[in-house]
Trainee: 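Take this structure first; my questions come after.
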Amino acid sequence: MKSTIKIFFILTLFSGWSCTDFLDRPPLDQIGIDDYWKSSVDLKNYTARFYESLPYHENNLSTAGREAATTNVTYRTANSILNGETTLSTGSWQSGFAPVRSVNIFLDNYNKCEDPYSSWKQYLGEAQFFKAWIYFDLVQTYGDVPWYTHALTPDDEAELIKPRDSRIVVVDSILSLLDKAIINLEKRDEAPWGNNSINKEAALAFKSRVALFEGTWQKYHGDDEFGTAGADPDKYFQACVDAGNELINGDYNVGIFSTGNPDQDYFDLFKTGDMGAVSEVLLYRAYNIGEFIGHNQNYYNTTTPSELGATWEYVSSHLGSDGEPIDYLSIAQDVKGNDFLEMLASEVDLRLRQSIWIPGDVQHYPSDVVFDYPPIFAGSRENNPTGFQVKKYANPEQELDYANANDAGRIIFRYGEVLLNYAEALEELNGTVAYDQLNLLRERAGMPDFEVLSQDADPNKIEYGYPISDALYEIRRERRVELAFEVLREQDWKRWAAHELFLNKRPKGYPFSSMEFPDESPVVDENGLLDPLQVELSSGYNFIPGRNYLESVPQTELTLNPNLSQNPGW
């Protein structure tokens with residue numbers, strides 16, 4: 001066994017995590033490690049590699065397409081996660097743990113630096129942040145995972161064959177790392193590259209995200225296979241609230257982006273190139289067309305949706321512009337097609353019309369491309385299967401071509417999410433509603449103040465599979481509307497144990513108008529809504545609640561390490 005482990009470990013040493021010349025070097029503990037770490041520049045150069053792990057705008061699909069494992073969007077084929085089609089992994093988790101070892105090399109050696117602490121504490125904070133980032137992804141994927149405090153060598157046999165640590169141990173270690181990072185990191189305005197750098201505000205935002213995730217995971221999975229015995233959800237809710245309080249009340253450059261134009265401000269936030277001066281943006285990935293570092297979001301969010309569409313379930317979650325629920329289904333009996341889309345633009349929360357295209361919207365000013373009808377019958381690349389075409393992340397002033405021609409920043413953490421994390425955790429903790437914080441988001445969109453409505457009076461009520469308070473129901477609605485297509489919704493339904501949102505159900509589209517397409521006969525449901533997956537999902541999604549909340553531990557790992565256990569249902 002020891003020989004097998006050593007062979008596998010040696011192979012792992014040479015796995016890469018980047019494509020630059022510097023990052024393609026063998027691990028530093030193999031190339032004169034004693035000659036490295038002497039200066040703060042060494043530490044800066046080493047941590048730079050980890051920025052590649054941060055989210056980015058896609059070049060081969062709409063970024064919103066990364067939210068396909070939710071009820072917010074759908075493709076023309078069923079999502080494999082929602083439909084319980086993920087398969088048992090026969091590989092390894094080498095790609096997940098190679099970055100752990102890489103960052104641990106830094107943490108094992110940074111104290112050899114001969115420069116003053118003040119010159120390199122930022123990079124120590126970055127390494128602590130990235131170790132937390134890497135492990136949070138592993139916890140979401142596998143649940144319990146081994147926690148490694150240092151870079152392993154082939155002689156660390158006991159640790160190489162250790163069992164998985166409880167996710168509580170791992171998440172507590174993540175939060176501890178983030179507390180240390182918060183001390184070491186500079187504020188966003190003093191960080192080396194401003195809010196392009198890992199910074200104190202971003203670490204606080206990340207802490208709020210992790211703590212909320214784990215608190216709700218342990219609360220709503222407390223009685224199923226995925227909870228942890230003895231877990232204390234309130235501990236994590238309190239950590240989330242504390243991180244939020246620090247950002248809300250501390251001396252930080254944070255706020256909600258607004259120019260006083262509720263018709264445009266929400267949309268403009270996501271199409272902005274240089275986000276350095278935007279106080280809401282705590283951390284983002286920047287692009288530069290002049291240096292040929294761009295993305296293709298206009299291509300996918302305007303004329304080439306590539307079989308992606310927002311859903312009826314997402315659209316009907318919005319309140320009216322007066323803050324009251326709308327009976328969308330009743331309206332759809334008489335108002336269809338473009339008329340229905342135009343109704344959404346005039347009578348619904350303005351964040352909706354800034355997130356999906358409405359007839360008459362200019363998609364590209366230089367060539368006067370205007371959205372006229374949703375391309376529900378177009379070919380595969382131009383097709384939108386639901387009639388609700390995603391608009392968020394587009395920029396009508398920039399090129400439409402598939403040519404890396406767009407430079408809108410990819411927001412990784414923003415203050416708006418922190419306010420929503422804070423509001424949800426506070427209600428979970430003691431039933432208090434964070435009206436002031438929620439109203440900041442409502443104000444930007446020109447919406448009335450946040451109000452706790454009766455969920456039973458909502459004609460579009462969604463069921464989570466268990467009862468929740470009216471306040472929490474509305475906070476979750478606000479979160480869905482504000483954070484739509486920001487690739488956080490899958491985290492949300494998983495931590496809420498909310499498979500009832502889609503189990504045995506299908507994603508639907510807008511009410512079809514035969515007058516607009518007299519020669520077409522699409523598949524619709526009994527209410528006249530587009531039903532693009534009716535044939536494929538005749539009985540709805542086949543998610544397996546006792547299995548599909550986590551991925552399987554790869555079979556190779558179970559073979560190499562008999563002390564590992566498999567996840568439930570696998």
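Treat the numbers as computed from the prediction; the structure is a model and nothing was measured. Basis for what follows: all heavy atoms, side chains included, without hydrogens, waters or symmetry-related copies.
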Trainee: Can you name the side-chain contact (heavy atoms from CB on, under 4.5 Å) partners of Thr71, sequence neighbours left out?
Mentor: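 With sequence neighbours excluded, Thr71 shows a side-chain contact (heavy atoms from CB on, under 4.5 Å) to Glu313, Arg480, Phe502, given in chain and number order.
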
Trainee: Minimum heavy-atom separation for Ala434 and Tyr422, please, with both atom names.
Mentor: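 Looking at all heavy atoms of both residues, the shortest contact is CB-CE2, 3.8 Å.
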
Trainee: Identify the heavy atoms of Leu204 and Ala243 that sit nearest to each other, and give their distance.
Mentor: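 Answer, listing the atom of Leu204 first, then Ala243: O-CB, 3.6 Å.
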
Trainee: Quick one: does Ile198's side chain get under 4.5 Å of Thr47's, heavy atoms only?
Mentor: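 Of all side-chain heavy-atom pairs linking Thr47 with Ile198, none is under 4.5 Å.
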
Trainee: Decide side chain to side chain donor-acceptor pair (under 3.5 Å) for Glu85 and Ser80; before the verdict, give the C-alpha distance in whole Å, the side-chain angles of both, and the deciding distance to 0.1 Å.
Mentor: CA-CA 5 Å; Glu85 295 173 342; Ser80 61; 5.4 Å; no

Trainee: Might you work through the side chain to side chain donor-acceptor pair (under 3.5 Å) test for Thr63 and Arg410, ending with a clear yes or no?
Mentor: CA-CA 9 Å; Thr63 294; Arg410 172 62 163 93; 4.9 Å; no

Trainee: Scan for salt bridge (charged side-chain N to carboxylate O under 4.0 Å, His left out) pairs involving residues 187-198, sequence neighbours excluded, and state none if there are none.
Mentor: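 Non-adjacent pairs meeting salt bridge (charged side-chain N to carboxylate O under 4.0 Å, His left out): Lys187-Asp251.
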
Trainee: Report the relative orientation of the aromatic rings in Phe413 and Phe129; use parallel for angles under 30°, tilted for 30 to 60°, perpendicular for over 60°.
Mentor: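 Ring orientation of Phe413 relative to Phe129: perpendicular.
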
Trainee: Say whether, by atom type as modelled, one donor and one acceptor occur between the side chain of Asn298 and the main chain of Asn406 under 3.5 angstrom.
Mentor: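 Answer holds: no.
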
Trainee: Excluding sequence neighbours, so at least two apart, what forms salt bridge (Lys or Arg N to Asp or Glu O under 4.0 Å) with Asp156?
Mentor: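 Partners of Asp156 by the salt bridge (Lys or Arg N to Asp or Glu O under 4.0 Å) criterion come out as none, since no residue qualifies.
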
Trainee: Quick one: side-chain contact (heavy atoms from CB on, under 4.5 Å) partners of Glu225, sequence neighbours excluded?
Mentor: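 With sequence neighbours excluded, Glu225 shows a side-chain contact (heavy atoms from CB on, under 4.5 Å) to Pro568, given in chain and number order.
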
Trainee: Roughly how far, to the nearest 0.5 Å, is the CG atom of Asp265 from the CZ atom of Phe257?
Mentor: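 If I round to the nearest 0.5 Å, the distance is 5.0 Å.
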
Trainee: From Lys38 NZ over to Cys113 SG, what is the distance, rounded to the nearest 0.5 angstrom?
Mentor: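 Interatomic distance, Lys38 NZ to Cys113 SG, rounded to 0.5 Å: 9.5 Å.
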
Trainee: Tell me if the centroids of the rings in Trp493 and Tyr220 come within less than 6.0 Å of each other.
Mentor: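 For Trp493 and Tyr220, the ring centres are not under 6.0 Å apart.
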
Trainee: Calculate, to the nearest 0.5 Å, the distance between atoms CG and CD belonging to Asn72 and Glu486 respectively.
Mentor: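 Going from the CG atom of Asn72 to the CD atom of Glu486 covers 11.0 Å.
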
Trainee: Thr228 versus Ser166: any side-chain heavy-atom pair under 4.5 Å?
Mentor: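 The answer is yes; the side chains approach within 4.5 Å.
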
Trainee: Please confirm whether Trp120 and Tyr117 have ring centers closer than 6.0 angstrom.
Mentor: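 Yes.
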
Trainee: Within this structure, what is the CG-CD distance for the pair Asn199 and Gln122, rounded to the nearest 0.5 Å?
Mentor: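 Rounded to the nearest 0.5 Å, the CG-CD separation comes to 8.0 Å.
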
Trainee: Have a look at Asp407 and tell me which of His57, Gln398, Lys271 forms a side chain to side chain donor-acceptor pair (under 3.5 Å) with it.
Mentor: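 That would be Gln398; it is the only one of His57, Gln398, Lys271 passing the side chain to side chain donor-acceptor pair (under 3.5 Å) with Asp407.
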
Trainee: Mind checking whether His295 and Tyr56 have ring centres under 6.0 Å apart?
Mentor: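 No.
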
Trainee: Is the positively charged end of Arg476 above the ring of Tyr464, judged by distance under 6.0 angstrom from the centroid and angle within 45° of the axis?
Mentor: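 That pair qualifies as a cation-pi contact.
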
Trainee: Ring-plane angle category for Trp37 and Tyr46, please: parallel below 30°, perpendicular beyond 60°, tilted otherwise.
Mentor: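 Tilted.
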
Trainee: Who pairs with Glu482 by salt bridge (Lys or Arg N to Asp or Glu O under 4.0 Å), at least two apart in sequence or on another chain?
Mentor: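 By the salt bridge (Lys or Arg N to Asp or Glu O under 4.0 Å) rule, Glu482 matches Arg351, Arg414, Arg444.
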
Trainee: Does Asp172 have any side-chain hydrogen bond (donor to acceptor under 3.5 Å, both in side chains) partners at least two apart in sequence or in another chain, and if so, which?
Mentor: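 By the side-chain hydrogen bond (donor to acceptor under 3.5 Å, both in side chains) rule, Asp172 matches Lys235, Tyr236.
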
Trainee: Could you tell me which non-hydrogen atom of Phe50 sits nearest to which non-hydrogen atom of Pro99, and how far apart they are?
Mentor: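 Closest heavy-atom pair between Phe50 and Pro99: CE2-O, 4.3 Å.
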
Trainee: Over 60° means perpendicular and under 30° means parallel, so classify the ring planes of Phe206 and Trp133, tilted if in between.
Mentor: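 Trp133 and Phe206: tilted rings.
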
Trainee: Under a 4.5 Å cut-off applied to non-hydrogen side-chain atoms, are Leu441 and Leu420 in contact?
Mentor: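 Touching, per the 4.5 Å side-chain cut-off.
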
Trainee: Does the side chain of Arg49 reach to within under 4.5 Å of the side chain of Tyr51, using non-hydrogen atoms?
Mentor: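 The answer is no; the side chains never approach within 4.5 Å.
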
Trainee: So, Asn430 and Thr432: side-chain donor and acceptor under 3.5 Å apart, yes or no?
Mentor: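 Note: Asn430 and Thr432 side chains meet the donor-acceptor criterion.
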
Trainee: Could you walk me through whether Ser89 and Gln555 pass the side chain to side chain donor-acceptor pair (under 3.5 Å) test, one step at a time?
Mentor: CA-CA 6 Å; Ser89 172; Gln555 191 61 44; over 6 Å; no

Trainee: For Arg489, what residues pass the salt bridge (Lys or Arg N to Asp or Glu O under 4.0 Å) criterion, not counting sequence neighbours?
Mentor: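 With sequence neighbours excluded, Arg489 shows a salt bridge (Lys or Arg N to Asp or Glu O under 4.0 Å) to no residue whatsoever.
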
Trainee: Applying side-chain hydrogen bond (donor to acceptor under 3.5 Å, both in side chains), can you list everything that pairs with Thr216, at least two apart in sequence or on another chain?
Mentor: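 Once residues adjacent in sequence are excluded, the partners of Thr216 under the side-chain hydrogen bond (donor to acceptor under 3.5 Å, both in side chains) criterion are Arg495.
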
Trainee: In sequence, state the C-alpha distance, the side-chain angles, and the governing distance for Tyr314 and Phe485, and then conclude on ring pair (Phe, Tyr, Trp, His ring centres under 6.0 Å).
Mentor: CA-CA 10 Å; Tyr314 158 70; Phe485 316 138; 5.0 Å; yes

Trainee: Working to the nearest 0.5 Å, report the span between CG of Asn59 and CD of Gln297.
Mentor: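 Rounded to the nearest 0.5 Å, the CG-CD separation comes out at 8.0 Å.
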
Trainee: Between Lys162 and Tyr148, is NZ or CZ placed under 6.0 angstrom from the six-membered ring centre and within 45° of the ring axis?
Mentor: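 Yes - Lys162 lies over the ring of Tyr148, closer than 6.0 Å to its centre and within 45° of its axis.
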
Trainee: According to the ring-ring contact (aromatic ring centres under 6.0 Å, His included) rule, which pairs have a member within residues 149-174, sequence neighbours left out?
Mentor: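 The answer is none; no pair qualifies.
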
Trainee: Report the residues that fulfil salt bridge (Lys or Arg N to Asp or Glu O under 4.0 Å) with Lys200, sequence neighbours left out, ordered by chain and then residue number.
Mentor: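 Scan of Lys200 (salt bridge (Lys or Arg N to Asp or Glu O under 4.0 Å), adjacent residues dropped) gives none.
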
Trainee: Are Lys494 and Tyr549 in a cation-pi contact, defined as NZ or CZ under 6.0 Å from the six-membered ring centre and within 45° of the axis?
Mentor: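 No, Lys494 does not sit over the ring of Tyr549.
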
Trainee: In terms of side-chain heavy atoms, does Glu399 have a donor or acceptor partner in Tyr299 at a distance below 3.5 Å?
Mentor: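 Tyr299 and Glu399 do not have a side-chain donor-acceptor pair below 3.5 Å.
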
Trainee: Answer whether the closest heavy-atom distance between the side chains of Thr86 and Glu551 falls below 4.5 Å.
Mentor: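 A side-chain contact under 4.5 Å is absent here.
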
Trainee: Could you check whether Phe213 and Phe136 have their ring centres less than 6.0 Å apart?
Mentor: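 Yes, the ring centres sit under 6.0 Å apart.
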
Trainee: According to the ring-ring contact (aromatic ring centres under 6.0 Å, His included) rule, which pairs have a member within residues 172-198, sequence neighbours left out?
Mentor: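 Matches after skipping sequence neighbours: none remain.
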
Trainee: If you take all heavy atoms of Val553 and Ser565, which pair is closest and at what distance?
Mentor: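 That would be CG2-O, 3.7 Å.
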
Trainee: According to side-chain hydrogen bond (donor to acceptor under 3.5 Å, both in side chains), who are the partners of Tyr75, at least two apart in sequence or on a separate chain?
Mentor: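 Once residues adjacent in sequence are excluded, Tyr75 has no partner under the side-chain hydrogen bond (donor to acceptor under 3.5 Å, both in side chains) criterion.
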
Trainee: Identify the heavy atoms of Asn561 and Ile161 that sit nearest to each other, and give their distance.
Mentor: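 Answer, listing the atom of Asn561 first, then Ile161: OD1-O, 3.0 Å.
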
Trainee: Check for me whether Arg167 meets the cation-pi criterion with Trp217, that is, NZ or CZ under 6.0 Å from the six-membered ring centre and within 45 degrees of the ring axis.
Mentor: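 Here Arg167 passes the 6.0 Å and 45° test against Trp217.
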
Trainee: Can you see which heavy atom on Lys121 is nearest to which on Ile183, and at what distance?
Mentor: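 Nearest heavy atoms, Lys121 then Ile183: NZ-O, 4.4 Å.
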
Trainee: Roughly how far apart are Asn421 CG and Cys240 SG, rounded to 0.5 Å?
Mentor: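 Rounded to the nearest 0.5 Å, the CG-SG separation comes out at 5.0 Å.
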
Trainee: Are Phe130 and Ser53 side-chain neighbours, meaning at least one heavy-atom pair lies under 4.5 Å?
Mentor: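 They are in side-chain contact.
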
Trainee: Is the side chain of Arg66 donor-acceptor paired with the backbone N or O of Leu61 at a distance under 3.5 Å, no angle test?
Mentor: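 Answer holds: no.
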
Trainee: State, with a plain yes or no, whether a side-chain heavy atom of Tyr135 is found less than 4.5 Å away from one of Phe97.
Mentor: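 Sidechains of Phe97 and Tyr135: in contact.
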
